[in-house]
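The chain is numbered in sequence order, starting from 1.
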Amino acid sequence: MYISHGYKHLLLIAHASFPQAVFFSLVVWNFDTASLLTGKTFKHLFPDSSAHFLFKPLRSFLDITSPNKTVPGVFGGIFFGAVLTSVILSSFPYFALPSDSSPYTTGLIMGVLSLFGDLFQSGLKRLAGVKDSGSFFPGHGGALDRMDSMLFTSIWFYHAIVKIQNTALEN
């Protein structure tokens with residue numbers, strides 16, 4: 001159900017505005033890439049981050065759903081997703097948000113939703129007892145694994161950004 005609903009919203013975004021679809025893709029894929037890079041870079045600098053009382057619940061949740069994810073990777077992905085959103089929106093005026101939307105807040109929300117999508121898909125795979133959802137992209141976990149973050153985020157992005165902006169343009 002969530003797969004078809006997510007893909008439906010991806011199509012609605014692409015149909016509504018090609019620049020918004022490009023912007024959406026850049027931000028979500030940046031989250032995935034930034035999470036991976038900051039996780040690999042900083043996991044050695046903060047090896048005991050899971051022992052800190054503030055991070056224990058997050059680390060415990062990651063151990064259940066996606067044990068290879070790191071606490072620094074989670075925070076790095078969300079932070080750099082928000083930063084990239086702000087940079088893109090200030091550098092390229094045709095990637096526009098509704099006038100009352102904050103670029104940084106939009107990036108934070110998209111980063112958190114991307115994380116939830118990724119962890120949800122990982123949890124489903126663990127329940128099913130499989131490592132990858134396919135073999136189309138060897139070493140990347142399958143086509144669905146490349147899209148898991150987008151499926152969750154697309155629903156929010158369409159309703160919070162695309163519909164509001166298009167309604168404002170019509171008036």
Side-chain angles (χ1 to χ4, degrees), residues 1-36 39 57-58 61-69 73-82 84-85 88-89 94-171:
M1 174 82 175
Y2 96 97
I3 296 171
S4 62
H5 204 58
Y7 277 115
K8 176 182 98 172
H9 284 84
L10 287 174
L11 291 172
L12 289 169
I13 293 167
H15 179 70
S17 169
F18 181 73
Q20 286 178 328
V22 171
F23 166 75
F24 172 79
S25 299
L26 287 173
V27 172
V28 173
W29 286 332
N30 174 69
F31 165 79
D32 285 341
T33 303
S35 292
L36 176 70
L58 176 60
F61 183 69
L62 292 175
D63 286 340
I64 294 167
T65 57
S66 191
N68 290 332
K69 290 205 183 333
V74 167
F75 288 111
I78 293 170
F79 172 77
F80 286 112
L84 179 75
T85 302
I88 289 173
L89 291 171
Y94 49 86
F95 294 132
L97 292 176
S99 60
D100 61 342
S101 298
S102 161
Y104 196 75
T105 303
T106 299
L108 286 173
I109 292 169
M110 290 178 72
V112 169
L113 290 173
S114 294
L115 172 66
F116 287 160
D118 194 14
L119 293 176
F120 184 75
Q121 169 65 17
S122 295
L124 289 178
K125 288 189 311 183
R126 294 234 176 268
L127 285 172
V130 295
K131 181 182 179 326
D132 295 332
S133 61
S135 59
F136 187 71
F137 297 114
H140 291 281
L144 184 56
D145 286 340
R146 299 296 348 145
M147 299 298 291
D148 53 11
S149 297
M150 295 185 96
L151 296 177
F152 260 59
T153 312
S154 66
I155 298 165
W156 174 82
F157 187 81
Y158 177 74
H159 291 284
I161 304 299
V162 175
K163 278 181 80 172
I164 291 171
Q165 186 170 19
N166 289 345
T167 302
L169 291 174
E170 291 171 1
N171 294 332

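- Here the straight-line distance linking atom CG of Asn30 with atom OG1 of Thr85 works out to 7.5 Å at 0.5 Å rounding.
- Residues Gly77 and Ser35 share a closest heavy-atom pair of CA-OG, 3.3 Å.
- Of the inter-residue distances, the one linking Ser4 atom OG with Leu151 atom CG reads 9.5 Å to the nearest 0.5 angstrom.
- Listed here is the closest heavy atom pair of Gly76 and Ala34: O-CB, 4.1 Å.
- In this structure, CG on Leu115 lies 9.0 Å from OG on Ser66, to the nearest 0.5 angstrom.
- Evaluation of the side-chain contact (heavy atoms from CB on, under 4.5 Å) rule for Leu124 yields Tyr2, Phe120, Gln121 as partners, not counting sequence neighbours.
- With rounding to the nearest 0.5 angstrom, the CG atom of Leu62 is 6.0 Å from the CG atom of Leu119.
- Partners of Ile64 according to the side-chain contact (heavy atoms from CB on, under 4.5 Å) rule, which considers only residues two or more places apart in sequence or in another chain, do not exist here.
- A centroid separation of 6.0 Å or more is found between the aromatic rings of Phe116 and Phe152.
- Scanning for side-chain hydrogen bond (donor to acceptor under 3.5 Å, both in side chains) contacts around Thr153 gives Ser114, with sequence neighbours left out.
- Formation of a donor-acceptor pair under 3.5 Å by the Ser154 side chain with backbone atoms of Gly6 is found in this model.
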Checklist entry - Which is it for Leu10 and Tyr158 under the side chain to side chain contact (heavy atoms under 4.5 Å, CB included) test, yes or no, and what are the steps along the way? => result CA-CA 8 Å; Leu10 287 174; Tyr158 177 74; over 6 Å; no
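- The CG atom of Leu84 lies 9.0 Å from the CG atom of Leu89; values are rounded to the nearest 0.5 Å.
- Judged as a ring-ring contact (aromatic ring centres under 6.0 Å, His included), and not counting sequence neighbours, Phe79 has no contacts.
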Can you give each donor-acceptor pair under 3.5 Å made by side-chain atoms of residues 103-110, sequence neighbours left out, with the distance rounded to 0.1 Å?
unit_1, atom_1, unit_2, atom_2, d
Thr105, OG1, Ser102, OG, 3.2
Thr106, OG1, Ser102, O, 2.8

Item to check | side chain to side chain contact (heavy atoms under 4.5 Å, CB included) assessment of Val162 paired with Leu12 | outcome: CA-CA 9 Å; Val162 175; Leu12 289 169; over 6 Å; no
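- Note: Ser149 OG to Leu113 CG = 10.0 Å, rounded to the nearest 0.5 Å.
- Residues passing the side-chain contact (heavy atoms from CB on, under 4.5 Å) test with Pro67, sequence neighbours excluded: Arg126.
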